[in-house]
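What's counted below: heavy atoms across the whole structure, side chains too, no hydrogens, waters or symmetry copies. In what follows, every chain begins at residue 1, and chains take the letters A, B, ... in the order their sequences are listed.
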There are 2 protein chains.
Amino acid sequence: MASITRRPAADPSRRAAVEADVLAATERLLAGGARFTELGVQRIAAEAGVARSTFYLYFRDKTELLLRLAATLGDLAYGMVGTWSPAAPDALDRLAATLLEVVRFYRDRRHVLAAVLEVAGYDRVINEFWEAQLGLFVARAEELLLAEQQAGRAPADLHAATASRVMIWGGMRVIADQVANRPAEEDAAAARELAANEWWGAFRRPES
Amino acid sequence: MASITRRPAADPSRRAAVEADVLAATERLLAGGARFTELGVQRIAAEAGVARSTFYLYFRDKTELLLRLAATLGDLAYGMVGTWSPAAPDALDRLAATLLEVVRFYRDRRHVLAAVLEVAGYDRVINEFWEAQLGLFVARAEELLLAEQQAGRAPADLHAATASRVMIWGGMRVIADQVANRPAEEDAAAARELAANEWWGAFRRPES
DNA sequence: ATTCCGTCGGACATAGTGTCCGACAACATG
DNA sequence: CATGTTGTCGGACACTATGTCCGACGGAAT
């Protein structure tokens with residue numbers, strides 16, 4: 001009973017340190033070529049220098065581990081594209097530059113991105129997480145497209161909701177493939193093609 | 001010893017029938033909302049009215065089962081797009097019509113498509129299978145784009161290889177999402193957006 | 001020295017995979 | 001009818017992984 005006042009509740013920075021060790025160990029293993037699915041808790045715990053049972057003191061299960069790894073995947077990239085506007089005179093060049101930033105961002109985190117996409121295929125929690133992330137991008141794209149249509153710069157018969165999904169879902173798939181399987185030197189070319197595709201395919205699609 | 005000549009090697013149509021039962025049972029379970037990953041061999045065998053051990057007399061493992069289910073996924077759709085040519089006067093309308101065909105084709109087989117994409121995330125064999133399928137489409141798109149550039153109808157500074165990947169990888173992701181999560185009534189609108197995106201984003205991208 | 005905390009290490013129940021084998025019924029042959 | 005062959009069944013087995021649980025232990029505060 002007296003212990004409640006006596007103990008100042010264990011050092012929280014220590015707990016955070018162990019957690020960080022586990023996250024870092026997982027990233028290391030992913031970077032080493034392992035797939036998240038075939039990565040056992042045993043292996044992760046060993047790499048982090050911790051008992052397997054201790055893993056479960058920090059994470060409910062592997063899903064929660066992945067969620068924490070992925071926490072910053074969407075937000076930061078969203079901030080990057082948030083600054084782009086299709087109204088600027090050099091909007092296409094700026095779009096290409098922005099997308100290159102995004103590609104490089106995901107290249108840094110390509111192992112985590114690959115793990116999320118891998119697990120999203122069969123795990124509902126991860127799938128919902130990723131859909132929610134992409135949903136933000138889709139909503140933003142739709143907002144911009146509608147504004148362009150209002151201003152008469154994008155064709156009125158363009159279906160903004162669908163076009164947004166095409167841009168974001170399709171674009172993200174290409175980026176994922178780019179950072180997972182293509183050399184970094186091609187990133188700029190990929191970003192430029194992606195930008196041109198979105199620009200002339202939607203924002204400045206000619207009237208037909 | 002004599003048996004080798006005496007027995008004319010069991011009725012092959014019977015064997016094919018059991019195999020078909022297992023494939024049909026799997027499709028039924030997938031259509032019922034189960035994910036391929038969480039579908040045990042036990043469950044599949046039971047649904048097909050066959051012992052679990054018998055399953056292994058017909059399929060080496062679950063991967064082979066999925067490969068057989070997926071066998072016709074790419075080929076047929078490839079035949080559809082093979083007839084389209086960007087040189088025709090009404091090429092954009094025809095592209096939309098072709099893509100609508102493709103979307104409907106995959107809608108029919110959406111559970112198998114979803115299973116392939118789900119497993120491709122973590123299984124190398126399925127992943128290679130799917131990459132090979134898409135590779136055909138990418139090659140075809142690149143061929144068409146190069147021809148358009150030669151003819152001066154597509155901009156010379158377009159990077160055909162990258163643009164093809166954007167079209168196919170991005171486009172397939174959109175189609176997969178469309179047939180898995182969107183109502184069939186929207187299929188035509190999606191096909192039209194996809195067509196316009198590819199047409200103005202690549203084949204008839206304005207010079208910038 | 002005592003008390004408490006977090007970690008360890010390992011046992012446990014559960015569940016799935018792929019292999020193996022003996023039992024058995026169906027059926028064509030002699 | 002008796003026999004041998006076939007394909008399927010049903011279940012045991014070894015293996016791997018997950019997530020839970022608990023007693024043991026060592027370090028740190030009192």
Quiz item: Rounding to a whole Å, what distance do you find between A:F36:CZ and D:dA17:P?
Solution: 14 Å
Quiz item: From D:dG19, D:dG10, C:dT17, pick the nucleotide closest to the side chain of A:R52?
Solution: D:dG19
Quiz item: Counting only side-chain N and O atoms of B:T54, is one of them less than 4.0 Å from OP1 or OP2 of D:dC9?
Solution: yes
Self-check item: Value in whole Å for how far the P atom of C:dG18 lies from CG of B:L65
Solution: 11 Å
Practice problem: Kindly determine whether A:W130 and A:V119 satisfy side chain to side chain contact (heavy atoms under 4.5 Å, CB included), including the steps that lead there. | Solution: CA-CA 10 Å; A:W130 191 239; A:V119 179; over 6 Å; no
Exercise. Could you tell me whether A:E193 and B:R165 have a side-chain N and a carboxylate O separated by less than 4.0 Å?
Key: no
Self-check item: Test salt bridge (charged side-chain N to carboxylate O under 4.0 Å, His left out) applied to A:D187 and A:R110, A:R182, A:R107, the passing residue
Solution: A:R107
Exercise. Specify the separation, in whole Å, of atom CZ of B:F55 and atom P of C:dC20.
Key: 17 Å
Practice problem: Tell me what B:Y58 touches on the nucleic acid: a base, only sugar-phosphate, or nothing, going by heavy atoms under 4.0 Å. | Solution: sugar-phosphate
Self-check item: Minimum-distance nucleotide (side-chain atoms of B:K62 versus D:dT8, C:dC8, C:dT17)
Solution: C:dT17
Quiz item: How long is the line joining CZ of A:F59 and C1' of D:dT18, in whole Å?
Solution: 16 Å
Practice problem: Would you mind reading off the distance between B:L57 atom CG and D:dT6 atom C1', rounded to a whole angstrom? | Solution: 12 Å
Quiz item: Nearest-Å distance, OH (B:Y56) to P (C:dG16)?
Solution: 11 Å
Quiz item: Starting at the 5' end of DNA chain D and moving along, which residue's nearest nucleotide shows up first, A:E38 or A:S53?
Solution: A:E38
Quiz item: Rounding to a whole Å, what distance do you find between B:D61:CG and D:dT16:C1'?
Solution: 16 Å
Practice problem: Take atom CZ of A:R43 and atom C1' of D:dG19, then tell me their distance rounded to the nearest Å. | Solution: 20 Å
Self-check item: Stepwise side chain to side chain contact (heavy atoms under 4.5 Å, CB included) check, B:W84 with B:L144
Solution: CA-CA 10 Å; B:W84 180 74; B:L144 291 176; 4.0 Å; yes
Practice problem: Just compare C:dT7, D:dT18, D:dG10 and give me whichever is closest to any side-chain atom of B:A51. | Solution: D:dG10
Quiz item: Crowded around A:R104 CZ? As in, over 12 foreign heavy atoms under 6.0 Å?
Solution: no
